[in-house]
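For reference, positions follow the sequence shown, starting with 1. Each ligand, and each atom within it, is numbered from 1 in the order the structure gives.
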Amino acid sequence: MAGPYLPLKTGARGLKVGLARMPPKAREAEHARLVRELEAHEYRYYVLDDPVVSDAAFDALMQKLRALEAEHPELVTADSPTQRVGGETRPFITKIRREHRMFSLDNAYSPEEMLEFHRRVALGLRDGDTATFTVEPKLDGASIEVIYDSGRLAQATTRGDGAEGEEITPNVRTIRGVPSRIPHTGKLTLRGEVLIFRKDLEKLNAERDAAGLERFANARNAAAGAVRMMDPREVAKRPLRVIFYQAVEGPQVRPTHSETLKWLAELGLPTHLREKVTAWEGVMDAIAAIDRARADYPFETDGAVVKVDSFRQQDVLGATSKFPKWAIAYKFPAERAITTVRSITVQVGRTGALTPVANMDPVELGGTTVSRASLHNADQIRELDVRVGDRVSIQKAGEIIPQVLAVEARSRPPGTEPYEMPKECPVCGTRVVSRVREEGKPEVEATVRCPNRQCPAQVQGRILYFASRPAMAIDHLGESLVDQLVTKGLVKDVADLYDLTAEQLTELERMGKKSAQNVIASIQASRERTLDRLVGGLGIPQVGQVAGRQVAQVAGTLETLLGWSEDELREHIGGIHGFGDKMVDSVVDFLEDEAERAVLKKLLDRNVGRPQPREVVATEGPLLGKSLCVTGVLTRKRDDVHALLRAAGATIHDSVKKDTTYLVAGDKTGKTKLDQAKKYGATVVTEEEMDRLLAGEGLAGA
Ligand code: AMP
Ligand code: ZN
């Protein structure tokens, strides 16, 4: 397992003696030596998971390298370990057409389909030529291609559409464990998967919770989003890993895939080294072994990949337009578990909506222990007829919060009652109002709401919404802090945030002096946000960030917005492109409401919100005259996507309307949005298809 850089010589020799006076050649050699040593330690830490020095010793070495580079900037190279923090933000990402297409994998879900695969392989090979197979875990992340040239990391790209990917070299340079140099002189083209390990995702999510940011639903989304970010410094902050699973060019050094993987490991590259080589008879056993072991893998695995081991045979078998014929992915069934519902509690959201949650006996599911499942709304509880005491089967399909699939009604204990939504808000006790699902209107969701706007749960929700990233982006204002602020009565509305002092905060639980100062600084800094973020963060019904921005555009300042009479309001807001009557009413009602006005006046007095800069409207572009709505989780930030679309001439809306041309649907797109798209005849497109539209290419096959 020892890589070429091992064993390590630790402890630097006589560095203290006058670096500056060292002759240039010696400085260069010293620099190269430090780089090698640091990379060897990174290899032990990130690839072998077997460090030989303490974190402090590692940091000290890094410090030495930094000092040397600070004194002699000419020594800094793009691939120096000091550069792992990432360089400048890039204005755009270039597309690169690759020499060898990146394929996806054909899937099999049953032993029968695997037999079918084997039959095709046998038919494809000449008589009497039998194949040996490798079986390896299917890594669930984002695939990339990395090219080494003359021993240096030269280029990294995303998979894109296979033939063409996006250049992400600066991002991949920040990933620890990916060596910037390898002891191999020829060109070497590798395929690998960018991943986030489970324990790293937990940590990352805990940090995001603390910062009041949305959690990542799964490691795949977090990894896929990160590799494509424009700012390598942000990428460097994500705990990314790469595992290489294939060499495309250069492997001719070794005749088989499995030997190539070993060779890659010898070069110091991270590979999973868990592959098993076997005749066909052993393939299903090897798959079963991976299935048993995968809960202990540090990363998520949703299947096993079976490949014909010999490169010669791979060449004979070839590929279809989409898949290589010499490989297949066996997908494990989605993970399910059975447990018992102990209670059903209700959460109250920002808008007052009551969401039931099933609290269950803790059970292992996909490597984590789960004890809660969201039941979404009263409709879903009724449809499933979930009752306290029921045994239920739950499933996790990528998301962190599992779903209740079905109820084992037969084993239901006697004497249970169907669940009834509470008649009073569980937080403030106000009588709830409900809207039932209307016959023939599937898009109208049944809801039960607490109508009391002063309800602490709602106040808390509104503040978190106001502070969230797309709105005022107030860092350090996490859920538990806001909870305390509201419960203690320190904050009754969003404007009160700006009166808080560090002294008040230090009296709260788990709040040191330093963090209190940080919170206050973030709050005060947010006064500089432009009006669009402020309006979008108010939580006006039907008005999200996009509509909020449109309102901000016509008003310019908060003062103007508050100064308008009802008639003026109707005139200005009614003139906004895409605002229907309902939306206009909603904005006018909000701005005419005495309580809301009072809060807005308080914000104005506290000098919150900068005037809205006038926007340059694109007068040409492939999407001119088209109206789009973007929803779900995309690989890029929603704001960035909106900016791209606007620059291409598009108009953006928060919801699907009569004149919406395209609905861009990311991961976890809600059913409501899809139903609306159907109703209004909007075309639903994926993020990739949107990129094609932006490039002026039109939709494939359309
Ligand atoms: P799919 O995206 O479902 O078509 O699956 C194909 C993708 O699986 C490839 O592009 C790789 O990114 C990924 N993959 C994960 N693990 C492996 C592996 N061990 N060998 C080959 N591909 C893999
Ligand atoms: Zn309430």
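Counting heavy atoms closer than 4.0 Å to ligand 1, residue Met102 contributes nothing at all. At a heavy-atom distance under 4.0 Å, atoms from both the backbone and the side chain of Leu105 approach ligand 1. Neither the backbone nor the side chain of Ala329 comes within 4.0 Å of ligand 1, counting heavy atoms alone.
Under a 4.0 Å criterion applied to the non-hydrogen atoms of Pro137, ligand 1 contributes the atoms 16 (N), 19 (N). Per-residue contacts place Phe103 under 4.0 angstrom from the following atoms of ligand 1 (heavy atoms of the residue considered): 10 (O). Those atoms of ligand 1 with a heavy atom of Lys307 less than 4.0 angstrom away are 18 (C), 20 (N), 21 (C).
Of the protein's heavy atoms, Leu139 N, 2.9 Å lies nearest to atom 16 (N) of ligand 1. Among all protein heavy atoms, the one lying closest to atom 4 (O) of ligand 1 is Ser104 CB, 2.9 Å. In this structure, the protein non-hydrogen atom closest to atom 2 (O) of ligand 1 is Arg159 NH2, 3.3 Å. For atom 11 (C) of ligand 1, the closest heavy atom belonging to the protein is Tyr245 OH, 3.0 Å. Regarding atom 12 (O) of ligand 1, its nearest protein heavy-atom neighbour is Glu193 OE1, 2.5 Å.
Residues Leu317 and Trp326 approach most closely at CD1-CB, 3.7 Å, considering heavy atoms. For the residue pair Glu145 and His100, the shortest heavy atom distance occurs at OE2-O, 4.1 Å.
Side-chain N/O atoms of Thr345 and Asn359 include a donor and acceptor closer than 3.5 Å. For the residue pair Ser143/Arg191, the side-chain donor-acceptor check at 3.5 Å is not satisfied. Between the side chains of Thr686 and Glu688, no donor N or O sits under 3.5 Å from an acceptor N or O. A donor and an acceptor atom, one from each side chain of Thr487 and Gln484, are nowhere located under 3.5 Å apart. Neither side chain, Gln458 nor Thr351, offers a donor N or O lying under 3.5 Å from an acceptor on the other. Side-chain atoms of Asp309 and Ser258 form a donor-acceptor pair, as typed in the model, at a separation below 3.5 Å.
The aromatic rings of His118 and Phe133 stand perpendicular to each other, their planes meeting at an angle above 60°, with 30° marking the opposite boundary.
At a cut-off of 2.8 Å, measuring from the Zn ion (ligand 2), the protein N, O or S atoms that fall short of it are Cys425 SG, Cys428 SG, Cys450 SG, Cys455 SG, waters left aside.
Remark: among candidates Lys138, Glu136, Arg191, the nearest residue to atom 1 (P) of ligand 1 is Lys138, based on non-hydrogen atoms.
Separation of atoms CG (Leu190) and CD1 (Ile144) is listed at 9.5 Å; rounding is to 0.5 Å. The distance from atom CD1 of Ile328 to atom NZ of Lys325, rounded to the nearest 0.5 Å, is 13.0 Å.
With hydrogens and angles disregarded, no donor-acceptor distance shorter than 3.5 Å links the side chain of Glu136 to the backbone of Lys276.
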